[in-house]
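Report on one structure; see the data block that follows.
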Amino acid sequence: MPIDVTAARAATPGCQDLIHLNNAGAALPTHDVLTTQIDYLQLEARIGGYEAYTHEQARIEQIRPTIARLIGADPSGDEVALTVNNTAAFDLFLYSWAISPTHAPDPGDRILTTETEYGANFVAYLQLARRFGIEVEVVPSNDHGEIDLDALEASIRRTDVGPVTLIALNHIPTNGGLINPAAGVGAIAREYGITYLLDACQSAGQIPLDVDELSCDALTAAGRKFLRGPRGTGFLYVRASILPSIEPIMLDHSTAEWLEPDHYEIDPTARRFEQWERNHAALLGLGHAVQEALDHGLDAIATRVQGLAETLRGRLTDDVPQATVRDLGRERCGIVTFSLDGADLAAVHAALRDAGINVSIVPPASALIDTRKRDLPSMIRASVHYYNTEAEIDQLITELLRLR
Ligand SMILES: Cc1ncc(COP(=O)(O)O)c(C=O)c1O
């Protein structure tokens, strides 16, 4: 079923006053996602925070299974940990992997990643490289800008350098329309028995995700982006088969049971990566947002988002002489990035905001390898969601032409 855009807009308070094209930053929540949180906060204020949790425990315990449905994980939700953002989830897995006896890398081992890797992920690799003496290797991209699967395999097969012990990369980079061939990477990772960590921060809620098709061992996402959940939420998926061998970098006495003064046992599920204290209002909002995405259907969302993004790219190219679309990829997503010849982007950003249009500016360090390789100037990022319209794209184009 195609998205009912009129209904989706009516359900979204922000759509009434605003043209929101910063969905890759944080998308607009629906009224119901908002009231789910407010109602829970009011309950906490009325009956007490711990008491509110007991009252709503059954609903809160459904959040992980709902996320599991989104990504095709085990329906129990036992492979899902709730986190505060994407980076927390990504680093929890990465640093835990690094200290786990069965995975801990030896000096000279290699982590493979992609040219479009996100800054937060890359600096974490660099820290591990410094700490453990491992190498971070960037796999070249193919002519479409995707991670080159032949180059990936060739790199894994090299015998003149240390073995590859981890493949870690983003599915959709922060700075453009590219969708990396994540399932192709997964097939190679599986063939060579290499642990595979996928950053689905920008793909969750935007395109269908299935952890079995992707063949990833771990996957991370933020709630606030295309999932339309609250800020300060995210999740980590870890495949059941690898879970027991990943020792969390941090424990508390809810994620590890303290059984004797000198003995504890770590939770067998992905809860081992959580902490006891959490923002239940925000997490309930996340659960609701994920359910809404499932109700719309991820295929329908992807079709609508990709169609709108292609319309925007076409309009920028055809109608705005000073704009150059910078997006890579064959199948492109809802993130549209473009440069504007001779423009002061901060001024354009502010002028658009004054006209009621939200976009963002992509700083070079968000994906430094790609920025340097393509010699990219600062770019405007206009990221569409299914509730955006062709009329809104029209208004963006009109404003850009007015600002010339
Ligand atoms: C591809 C990608 N990965 C990771 C992140 C970091 O997400 P968070 O801010 O939730 O940690 C972002 C944020 O924009 C991103 O675009």
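Read the numbers this way: they start at 1 and go in the same order the structure lists the ligands and their atoms. Values below: every heavy atom of this structure, side chains too, minus hydrogens, waters and symmetry copies.
- At a heavy-atom cutoff of 4.0 Å, ligand 1 is surrounded by N85, N86, T87, Y118, I172, T174, D199, C201, Q202, A222, R224, K225.
- Remark: the R228 side chain and the T30 side chain contain no N/O donor-acceptor pair separated by less than 3.5 Å.
- For residues 152-196, there are no ring-ring contact (aromatic ring centres under 6.0 Å, His included) pairs, not counting sequence neighbours.
- When every heavy atom of L286 is checked against every heavy atom of G234, the shortest pair comes out as CD2-O, 4.2 Å.
- For R239 and D212, the salt-bridge test passes: some basic side-chain N is under 4.0 Å from an acidic carboxylate O.
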Checklist entry - Stepwise, does the side-chain hydrogen bond (donor to acceptor under 3.5 Å, both in side chains) test hold for T389 with R9? => result CA-CA 10 Å; T389 62; R9 291 178 67 77; 4.7 Å; no
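- Between E61 and R271 there is a salt bridge, since a side-chain N of the basic residue sits under 4.0 Å from a carboxylate O of the acidic one.
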